[in-house]
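Have a look at the structure below before the remarks.
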2 protein chains.
Amino acid sequence: METALLSRKDQIDHTATVLFRARGFAATSMRELATALGIEAGSIYSHIRSKEEILHRICFRLADQFFAGFEDATQNNTLPIADSLRRAIESHVQVLTADVAASAVFLHEWRHLSEPARTEFLALREQYEAGFRQLLINGAETGTLYAPDPAFASLTLLASLNWLPTWYAPGGKLAPADIAHRLANQLLFGLEVREN
Amino acid sequence: METALLSRKDQIDHTATVLFRARGFAATSMRELATALGIEAGSIYSHIRSKEEILHRICFRLADQFFAGFEDATQNNTLPIADSLRRAIESHVQVLTADVAASAVFLHEWRHLSEPARTEFLALREQYEAGFRQLLINGAETGTLYAPDPAFASLTLLASLNWLPTWYAPGGKLAPADIAHRLANQLLFGLEVREN
DNA sequence: CCTACCGATCGGTAGG
DNA sequence: CCTACCGATCGGTAGG
């Protein structure tokens, strides 16, 4: 039904994503995947070459989406840094919520990639984090953000966002845009009341 | 050397914790564990009953430590809520940094517990999160904390803390107490500069 | 896409 | 704690 318009290969990726998220990459067998697809285990291999190839596609596709969203959010140099940061946060949340299963795999299962893919993946992730770090550095230098240790602050910031796939359920009380807005507020303004 | 004073069972737990963290529970074989311990695979079973028993011990031991730390941090009712929250945050970070490998297993590998342990574990985790949520609710009611949605805020708060085992390395530039202090500051005060 | 199968490896046990 | 082994299951392939 919901996958009727997907190619078999895309069906495999989608179903595998859900299983990898629920049970983990290593604990998901190709026979489980085949059963979920309604075919026999051997038949999968006429569409893909290996189990890891599926994981590879999921991880690097998400990396692309995070990068594209960040570029789009921060390309306007005339915006105040705090606004660019807010837009980058909201973009990150949008990617996370658009496909929570794929996001969870991206965040937790990448370590099952073998070399050299694993090292490539970590380099991409580091590059992405560096984008947030640079925003905080710029904000701190111009005095619009309080971040005495930008490297530390950017890690904490992404940490808060990346926990989202563990509890977010599509169709819940909060729409993705609401979540993005609230997260950005909490991270930018903190929990303690302001005097002014 | 470093495990010379541990019982064989404790050595098994400790070595398994490191392997479970690095490769995941499902992808770690008992033969790898045995090799790391310098014995044969079959020999492990004279000290433990099953692979899952090790995971069970790690997960529930950490749960105990988080609870004990939280109780200790918040038992003083005369403190302002914001101070209790800060103490609870610092306690959480102390437990995380005291054994990062065990913390990472606690945070990521619990889903490989079979029933009923898995449900019991999730109930404990929910109970722990409820403690933080209640602090935020109390703080919001007395006007000392800004948390229009305490459930949302407490999830975000713990999320920021729980990412720590993915990047923290003992012996680094920052001592655990420094990290705890900075995290508490960032979460309580936010990233944006204050006017006052 | 299925049937039938491969070599490897898994968690765990018996007997010493 | 080791040797020797169990039944089950793994990712993947050949041939149709």
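No side-chain heavy atom of B:His181 sits under 4.5 Å from any side-chain heavy atom of B:Gln186. The closest side-chain heavy-atom distance from A:Phe132 to A:Pro150 is not below 4.5 Å. Between A:Phe121 and A:His56 the shortest side-chain heavy-atom distance does not fall below 4.5 Å. Side-chain contact between B:Asp99 and B:Arg61 is present, with at least one heavy-atom pair separated by less than 4.5 Å.
Aromatic ring centres of A:Tyr146 and B:Phe189 lie farther apart than the 6.0 Å criterion allows. Annotation: B:Phe70 is not in aromatic contact with B:His92 [ring centroid separation under 6.0 Å not met].
A:Leu157 and A:Leu79 end up in different hydrophobic clusters when Ile, Leu, Val, Met, Phe, Trp and Tyr side chains are linked at under 4.5 Å.
Along DNA chain D, the stretch of nucleotides lying under 4.0 Å from any heavy atom of chain A spans, 5' to 3', D:dC10 to D:dT13.
Under the salt bridge (charged side-chain N to carboxylate O under 4.0 Å, His left out) criterion, the residue pairs touching residues 12-39 of chain B are B:Asp13-B:Arg57, B:Arg23-B:Glu32, with sequence neighbours excluded. Sorted pairs that involve residues 160-181 of chain A and meet salt bridge (charged side-chain N to carboxylate O under 4.0 Å, His left out), not counting sequence neighbours, are lacking altogether.
Within residues 39-49 of chain A, the residues that have a heavy atom under 4.0 Å from DNA chain D are, in order of number, A:Gly42, A:Tyr45. A heavy atom closer than 4.0 Å to some atom of DNA chain D occurs in A:Thr28, A:Ser29, A:Met30, A:Arg31, these being the qualifying members of residues 19-31 of chain A.
When base pairs are accepted only as Watson-Crick or G-U wobble with both N-N or N-O distances under 3.5 Å, DNA chain D takes part in stems of 3 or more pairs at C:1-16 with D:1-16.
Checked for salt-bridge contact, B:Glu52 and B:Arg118 miss the test: no charged N lies under 4.0 Å from a carboxylate O.
Tested against A:Phe106, the residues A:Phe25, A:Phe66, A:Phe20 include a single ring pair (Phe, Tyr, Trp, His ring centres under 6.0 Å) partner, A:Phe66.
Side-chain contact annotation: B:Arg86 with B:Asn185, donor-acceptor N/O pair under 3.5 Å present.
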